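One-based numbering, in listed order, for ligands and for the atoms of each. For clarity, every value in this text was computed on a predicted model and none was experimentally measured.
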Amino acid sequence: MSAGSVLVAGGTGYIGSFTTLALLEAGYKVVVADNLYNSSAEALNRIEAICGKKAEFVQLDVTNEADFDKVFEAHPDIDSVIHFAALKAVGESGEKPLDYYMVNVYGTINLLRSMVRHNVTNIVFSSSATVYGDATRFPNMIPIPEECPLGPTNPYGNTKFAVETAITDVINAQRNNAIKAGNEAEAKKWNGALLRYFNPAGAHPSGIMGEDPQGVPYNLLPLLAQVATGKREKLMVFGDDYASHDGTAIRDYIHILDLADGHLKALNYLRANNPGVRAWNLGTGKGSTVYEMIRAFSAAVGRDLPYEVAPRRAGDVLNLTANANRATKELGWTPTRTLEQACEDLWLWTKNNPQGYRQQPPAELLAK
Ligand code: NAD
Ligand code: WQD
């Protein structure tokens, strides 16, 4: 099947920018739409420096439905959307749930309405392992398969669950309506991938592209990176009394390049196999504890990074590790990068770009 044009909503953000790179490298034409709330358009220059191809950029707010209409009218060749645009801070979602419902849920409803109006029929959605909530309540469900009952435990997770449900309902309705009208070929065009990511990690091995959040980071690896650069004195380890081999909580850290490749494979699968709506976990299947992460990142940096044990963080669970067999079997997706590589790539990015995209990287890295 020939590559078409793809709208990447939230495409200047961390995962969106790496997916845009993967799409361009695979021959897709890409239109990136973002309001730059948590990202910088400089990401697009770095993508071009790496692959020699350019994505078109449109500044768009997902809460404005007319913005999507304009993009689809200007680009009638777009047949698919990869939808990353969202607010993603779990803690903040408890303080400002309406902001999260507005951007994550209402924004996606706008997108879906506009897709239906313009016959844009494939959507790949950024869901999250957070939709499973505390999967350890089902002891036979670790590592977590897609069949694990969903049970998000915070407003952010609730918005992801709501959007998964809305996409499922809309795609199914589009299919049923087309079948009722006797048009089976039209029905098969409507497809959705619900990609449940575990913990994205790392940066591009060139050292010129990585995560550049606009505010204070709250994820483990970006915080460890700040300890390594001296921006932060030490890492606070949230709890050493979990039922793991070293007492700290277990997560499944997936290299950002493997995660981006999962989106490419999911999109290709939708376009070639017309599965309707399907969920896939994107994780490595291998869990690492907080202490193991501190050791792995310290090894990349070349010195032991300081930490202190603190109480458990509210809402954290013992173990979120993926069973990603479905993605391997159906999408032909297997993560190939190690945790050590993710840590090395993150450190190369961090030490060469202390101001993120607000500064140019060293010329010798750009020249490679
Ligand atoms: P990110 O913040 O880097 O990317 C999100 C992008 O959406 C940003 O570029 C931001 O500017 C944009 N955006 C926010 N509000 C917008 C609006 N109103 N209109 C248009 N654009 C808007 O985050 P990320 O880590 O790349 O996450 C991408 C997606 O993956 C999100 O949907 C997130 O919920 C999901 N996800 C992230 C993780 C993670 O740990 N990073 C894990 C699972 C799922
Ligand atoms: C990882 C581990 C912490 C910071 C979150 C969201 C999830 C998904 C990914 C979007 C945990 C521990 C952390 C620190 C620590 N995002 N930790 N000290 O919580 O697994 O997942 O991001 O969908 O929905 O909940 O990621 O990086 O915050 O934490 O000890 O300063 O590191 O307790 O065990 P988490 P994280």
Side-chain angles (χ1 to χ4, degrees), residues 8-19 32-41 43 58-64 67-68 82-91 93 99-100 102-104 106-108 110-111 125-133 152-154 156-157 159-160 163 195-201 210-224 226-227 232 234-240 242 244 248-254 256 259-260 263 282-283 287-294 307-321:
V8 181
T12 46
Y14 178 40
I15 311 171
S17 58
F18 279 87
T19 301
V32 165
D34 204 296
N35 71 350
L36 304 179
Y37 172 77
N38 193 35
S39 56
S40 158
V58 180
Q59 189 147 353
L60 163 156
D61 196 306
V62 295
T63 60
N64 186 2
D67 284 1
F68 282 121
I82 306 188
H83 180 35
F84 296 97
L87 303 180
K88 63 163 184 174
V90 172
S93 76
D99 289 0
Y100 278 69
M102 192 69 187
V103 175
N104 298 8
Y106 178 72
T108 308
N110 283 338
L111 169 63
F125 172 62
S126 292
S127 189
S128 168
T130 200
V131 295
Y132 296 115
T153 54
N154 55 67
Y156 167 74
T159 68
K160 291 291 170 188
V163 171
L195 300 184
R196 298 177 183 152
Y197 320 147
F198 284 67
N199 291 55
E211 184 172 15
D212 181 28
Q214 303 297 297
V216 182
Y218 66 92
N219 288 121
L220 177 63
L221 276 173
L223 287 167
L224 267 174
Q226 289 199 339
V227 175
R232 197 170 283 267
K234 59 191 165 196
L235 183 90
M236 303 310 289
V237 173
F238 296 146
D240 67 349
Y242 284 100
S244 67
T248 62
I250 301 164
R251 296 291 181 272
D252 183 337
Y253 297 88
I254 168 96
I256 188 70
L259 188 60
H263 290 75
L282 296 181
S288 304
T289 66
V290 176
Y291 281 154
E292 285 166 347
M293 293 305 289
I294 295 174
Y307 65 85
E308 186 183 311
V309 177
R312 289 183 182 194
R313 187 171 64 178
D316 273 355
V317 301
L318 163 66
N319 190 345
L320 278 176
T321 303

Output the distance between atom [atom1] ([X]) and atom [atom2] ([Y]), rounded to the nearest 0.5 Å.
X: Tyr132; Y: Phe198; atom1: OH; atom2: CZ; value: 5.5 Å
X: Ser244; Y: Tyr291; atom1: OG; atom2: OH; value: 9.5 Å
X: His83; Y: Leu111; atom1: NE2; atom2: CG; value: 5.5 Å
X: Leu224; Y: Tyr307; atom1: CG; atom2: OH; value: 11.5 Å
X: Ile256; Y: Ser17; atom1: CD1; atom2: OG; value: 7.0 Å
X: Ile294; Y: Lys234; atom1: CD1; atom2: NZ; value: 12.5 Å

Should you measure from each heavy atom of [X], which atoms of ligand 2 turn up under 4.0 Å away?
X: Thr130; result: 24 (O)
X: Ala249; result: 34 (O)
X: Val237; result: 30 (O)
X: Tyr218; result: 4 (C), 28 (O)

List the closest protein heavy-atom neighbour of [atom]: residue, atom name, distance to the nearest 0.1 Å.
atom: atom 12 (C) of ligand 2; value: Val290 CG2, 3.7 Å
atom: atom 35 (P) of ligand 2; value: Asn199 ND2, 3.6 Å
atom: atom 18 (N) of ligand 2; value: Met236 O, 2.7 Å
atom: atom 31 (O) of ligand 2; value: Leu223 CD1, 3.2 Å
atom: atom 25 (O) of ligand 2; value: Val90 CG2, 3.4 Å
atom: atom 5 (C) of ligand 2; value: Asn219 ND2, 3.7 Å
atom: atom 8 (C) of ligand 2; value: Ser128 OG, 4.1 Å
atom: atom 17 (N) of ligand 2; value: Phe238 CD1, 3.7 Å

(message) Please output the residues near ligand 1 using a strict heavy-atom distance under 4.0 Å, listed in chain and residue-number order.
(response) Gly10, Thr12, Gly13, Tyr14, Ile15, Asp34, Asn35, Leu36, Tyr37, Asn38, Ser39, Leu60, Asp61, Val62, Phe84, Ala85, Ala86, Lys88, Val103, Ser126, Ser127, Ser128, Tyr156, Lys160, Tyr197, Phe198, Pro200
(message) With the threshold set at under 4.0 angstrom, would you say Tyr253 reaches ligand 2 through any of its heavy atoms?
(response) yes
(request) With sequence neighbours left out, write down each residue that passes ring pair (Phe, Tyr, Trp, His ring centres under 6.0 Å) with Tyr106, or none if nothing qualifies. (result) none
So is [X] polar-close to ligand 2, meaning N/O to N/O under 3.5 Å?
X: Lys88; value: no
X: Leu320; value: no
X: Leu220; value: yes

(request) Going by the side chain to side chain contact (heavy atoms under 4.5 Å, CB included) test, name the single residue among Val290, Asn319, Val317 that passes it with Ile250. (result) Asn319
(request) For ligand 2, note which part of Tyr156 has a heavy atom under 4.0 Å away: side chain, backbone, both or neither. (result) side chain
(message) Quick check: do His263 and Phe84 have side-chain heavy atoms less than 4.5 Å from each other?
(response) yes
(request) State, with a plain yes or no, whether a side-chain heavy atom of Arg312 is found less than 4.5 Å away from one of Tyr242. (result) yes
(message) I need the minimum non-hydrogen distance between Ala89 and Tyr218, along with the two atoms involved.
(response) CA-OH, 3.5 Å
